[in-house]
There are 2 protein chains.
Amino acid sequence: MNVHEPERRLVTLSDVARAAGVGESTVSRVLRNQGSFSKRTQDRVAEAVARLGYVPNRLAGMLAGSGSTAGAKLVGIIIPSLTNIVFPDLLRGANAALDRDGFQSVIGVSDYDPAREEALIGALLSWRPAGLIVTGLEHTAGARARLRASGIRIVEMIDTDGDGLDIVVGFSNRGVGCDSARHLLARGYRRIGYVGHDIALDLRAAKRLAGFRETLREAGHPLAETEIAPGPSSAAAGRAALGRLLARRPDLDAVYFSNDDMALGGYFHCLAEGVAVPGRLALFGFNALDIAAAMPQPLTTIRTPRLEIGAVAVERLAADGPAETVDLGYELIAGATA
Amino acid sequence: MNVHEPERRLVTLSDVARAAGVGESTVSRVLRNQGSFSKRTQDRVAEAVARLGYVPNRLAGMLAGSGSTAGAKLVGIIIPSLTNIVFPDLLRGANAALDRDGFQSVIGVSDYDPAREEALIGALLSWRPAGLIVTGLEHTAGARARLRASGIRIVEMIDTDGDGLDIVVGFSNRGVGCDSARHLLARGYRRIGYVGHDIALDLRAAKRLAGFRETLREAGHPLAETEIAPGPSSAAAGRAALGRLLARRPDLDAVYFSNDDMALGGYFHCLAEGVAVPGRLALFGFNALDIAAAMPQPLTTIRTPRLEIGAVAVERLAADGPAETVDLGYELIAGATA
DNA sequence: AATCAGATTGGCAGCGCTGCCAAACCCTGT
DNA sequence: ACAGGGTTTGGCAGCGCTGCCAATCTGATT
């Protein structure tokens with residue numbers, strides 16, 4: 001814009017060194033509080049930093065520091081979506097642990113698209129992170145290859161039903177489905193339906209459904225009917241889908257939802273249509289959203305350790321233990337709807 | 001771990017150059033698809049990249065590229081929270097635009113703490129981003145100084161009620177409060193209360209309340225009573241707070257909530273206690289969450305252009321227009337609760 | 001065959017910081 | 001006054017990549 005602008009170069013570490021009358025490495029040591037230096041030097045450096053408004057350049061720092069022990073204090077995180085509150089929760093858990101350990105994070109959102117995930121993996125690896133946290137166990141062959149070739153720590157979170165590349169932190173989605181089914185059976189429900197969202201997008205939901213279905217079948221009361229809403233989960237989708245399901249099968253006495261969003265929508269349908277819950281129809285969700293607990297009748301659902309998963313994922317990345325699967329479990333919340 | 005491990009150095013650009021039998025700068029040009037090179041060279045480079053599994057080092061790239069025109073394709077984003085779906089939505093909008101323009105983002109979460117925001121600004125600036133997107137207009141003096149000194153583009157999003165540092169993208173929260181009040185007045189409600197969450201944390205909510213309160217006062221029907229739930233907004237907090245409010249003032253005929261989460265909780269309270277909505281009590285929210293539209297009676301609320309705000313924020317960062325305020329407006333959704 | 005503009009290409013100096021190592025100091029004890 | 005062991009310090013070579021510029025090559029033109 002202004003041709004005469006003196007092309008203000010940003011303040012660099014060597015500017016600080018000059019201003020403080022010390023060497024560059026001394027400034028570097030003081031700023032990282034590493035190695036030894038006198039109090040006097042420290043004060044002079046601090047003064048110069050403040051006076052010049054110096055902001056360290058992490059890019060340069062990480063570049064220079066790489067290759068050696070110190071390494072990058074950076075982790076990449078890939079989640080499939082920001083819309084479902086579950087994933088921001090994972091980030092929240094991870095963030096807390098990240099801050100504690102002085103790490104930074106770079107985040108990628110795959111929109112449930114495996115190809116996009118693969119691309120994101122490449123993008124994040126190019127930051128040379130100390131580790132990568134991805135969601136789920138299913139990845140394209142290319143993604144798997146890249147992760148393996150990267151040579152860094154990998155954490156796959158949320159799902160423990162399958163083989164992981166390195167560290168896996170989560171719980172058994174299959175188990176969730178089984179336990180959900182057992183609960184409904186134990187309460188005496190027999191004509192049970194399922195309302196889900198597009199399962200191609202959400203492999204974990206598919207695993208829950210598989211466990212649920214199998215448990216019902218083994219008990220001799222096979223899943224009576226399913227209704228899949230197109231697109232991602234939402235209360236609106238759940239409400240509409242339950243409507244369609246009941247239109248086809250008015251005899252159902254319980255419905256299992258792919259998650260609480262859908263279940264909440266189902267509950268709204270029941271309220272709107274005067275379907276007594278759980279007398280006439282029982283509802284069962286998944287995730288234990290805060291909002292589900294505030295309903296007039298608290299939703300019966302499964303609490304998943306979302307924050308813990310994020311936190312443990314980061315911990316394991318930082319530590320350098322062996323490859324392993326950490327099952328954080330889940331908890332059935334017996335609400336008033338089933 | 002393994003002492004004998006050949007200290008596998010990662011593949012670098014010069015390895016690729018050697019493998020492809022071309023110069024480093026040629027590889028660089030091909031990879032960035034910039035400058036000119038022959039088809040044959042391109043193929044050879046592509047082959048070498050694939051064979052060696054080369055992953056470019058962005059750190060080095062950005063370091064080298066800085067100082068010149070090209071500059072960093074990186075923006076920093078600071079939001080106060082991940083819990084409230086509003087902020088992930090902003091990220092979502094920003095992400096879409098970011099991808100389109102080939103930018104990467106680094107995200108910071110301030111937990112509504114101004115001091116933490118200031119620290120995050122420092123942390124993000126050290127990535128030498130092309131621009132920074134922050135939330136709201138209120139920052140500590142130190143934060144403001146750092147932003148100004150950074151010399152990069154700054155976007156403050158969501159709130160247009162005040163002076164911005166550079167670019168401001170959002171809507172008038174004060175206006176939202178005013179229009180909400182006018183709507184309730186127009187519908188004939190006179191004994192109006194307010195249910196909010198900790199306002200020290202959420203300056204935007206405070207501005208809405210101020211506009212709401214003033215409009216009511218001017219109309220001669222001042223706000224009858226307020227109830228502030230401690231902590232962040234949630235359905236549970238809204239439900240409990242409405243309970244307390246009505247216990248004190250059973251005569252209220254309408255309640256304005258700090259947002260839809262709180263309003264949803266309020267609605268649940270009404271359902272649970274048999275308070276007729278809107279006959280006995282009208283409810284008015286803010287944000288137009290998807291879930292609010294799926295309620296048996298759609299919530300009357302205000303739709304905010306969250307995705308657009310994120311997208312426009314990024315666009316303005318990338319373009320280099322003048323400092324200005326972009327008001328994206330909002331829309332009153334007349335539901336069935338008020 | 002010589003000439004010339006334009007297309008391709010390679011070499012190399014940094015970008016700002018950290019790691020390594022030698023140099024300079026600072027105290028003791030003798 | 002001098003050696004010996006720790007504490008501070010500064011110099012400088014990279015980290016891997018891009019920008020700049022000169023060198024080389026290409027094909028068409030004269």
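Excluded from the calculations below are hydrogen atoms, water molecules and symmetry mates; all remaining heavy atoms, backbone and side chain alike, are included. All chains are named by letter (A, B, ...) in the order of the sequence lines, taking the proteins before the strands, and each is independently numbered beginning at 1.
Spacing between atom CZ of B/Arg32 and atom C1' of C/dT9 amounts to 14 Å, rounded to whole angstrom units. Atom CG in A/Leu13 sits roughly 13 Å away from atom C1' in D/dG10 (whole-Å rounding). Distance, A/Leu63 CG to D/dC17 P: 9 Å, rounded to whole Å. Atom CG in B/Asp43 sits about 13 Å away from atom P in C/dT8, given to the nearest Å. If you take CD of A/Gln34 and P of C/dC17, they are 15 Å apart, rounded to a whole angstrom. Atom CZ of B/Phe37 is separated from atom C1' of C/dT8 by 11 Å (rounded to the nearest Å). Atoms CZ (B/Arg29) and P (D/dT18) sit 11 Å apart, rounded to a whole Å. Atom pair A/Leu10:CG and C/dC17:C1' shows a separation of 15 Å (rounding to whole Å applied).
Checking C/dC17, C/dG19, C/dT9 against the side-chain heavy atoms of A/Tyr54 singles out C/dC17 as nearest. Closest to the A/Ser25 side chain, of the nucleotides C/dT9, C/dG19, D/dT8, is C/dG19. Residue B/Ala60 has its side chain nearest to D/dG16 when only D/dG11, D/dT9, D/dG16 are considered. Between D/dG10, D/dG19, C/dT18, one nucleotide has an atom nearer to the side chain of A/Thr26 than all others, and that is D/dG10.
Counting heavy atoms from C-beta on, the side chains of B/Thr325 and B/Val169 never come closer than 4.5 Å.
Note on B/Ser38: only backbone sugar-phosphate atoms sit closer than 4.0 angstrom, heavy atoms only; bases stay farther off. At the heavy-atom level, B/Thr12 lies under 4.0 Å from the strands shown only through sugar-phosphate atoms.
End-to-end axis angle of the helix from C/dA1-D/dT30 to C/dT30-D/dA1, using five pairs per end and rounding to 10°, comes to 50°.
Judged purely by distance below 3.5 Å, without hydrogens or angles, the side chains of A/Arg32 and A/Ser28 pair a donor atom with an acceptor atom. Under the 3.5 Å distance criterion, with hydrogens and angles disregarded, a donor-acceptor pair is assigned to the side chains of A/Glu117 and A/His139. Side chain to side chain, A/Ser38 and A/Thr41 meet the donor-acceptor criterion of an N or O pair below 3.5 Å.
You won't find any donor-acceptor pair under 3.5 Å spanning the side chain of B/Ser14 and the base of D/dG16, going by distance alone. On a pure distance criterion of 3.5 Å, no polar donor-acceptor pair joins the side chain of A/Arg58 and the base of C/dG16.
Under the side chain to side chain contact (heavy atoms under 4.5 Å, CB included) test applied with A/Ser110, the options A/Ile121, A/Ile79, A/Leu120, A/Val134 reduce to a single match, A/Leu120.
By the 4.0 Å N-to-carboxylate-O rule, B/Asp15 lies close enough to B/Arg18 to be salt-bridged with it. Using a 4.0 Å cut-off between charged side-chain N and carboxylate O, A/Arg316 and A/Asp166 make no salt bridge.
Nearest-nucleotide assignment on DNA chain D puts the 5′-proximal partner with A/Thr41, out of A/Thr41 and B/Gly61. Both A/Glu24 and B/Lys39 lie near DNA chain C, and the one whose nearest nucleotide falls closer to the 5' end is B/Lys39.
Counting only residues at least two apart or on different chains, the side chain to side chain donor-acceptor pair (under 3.5 Å) pairs with a member in residues 75-87 of chain B are A/Arg92-B/Thr83.
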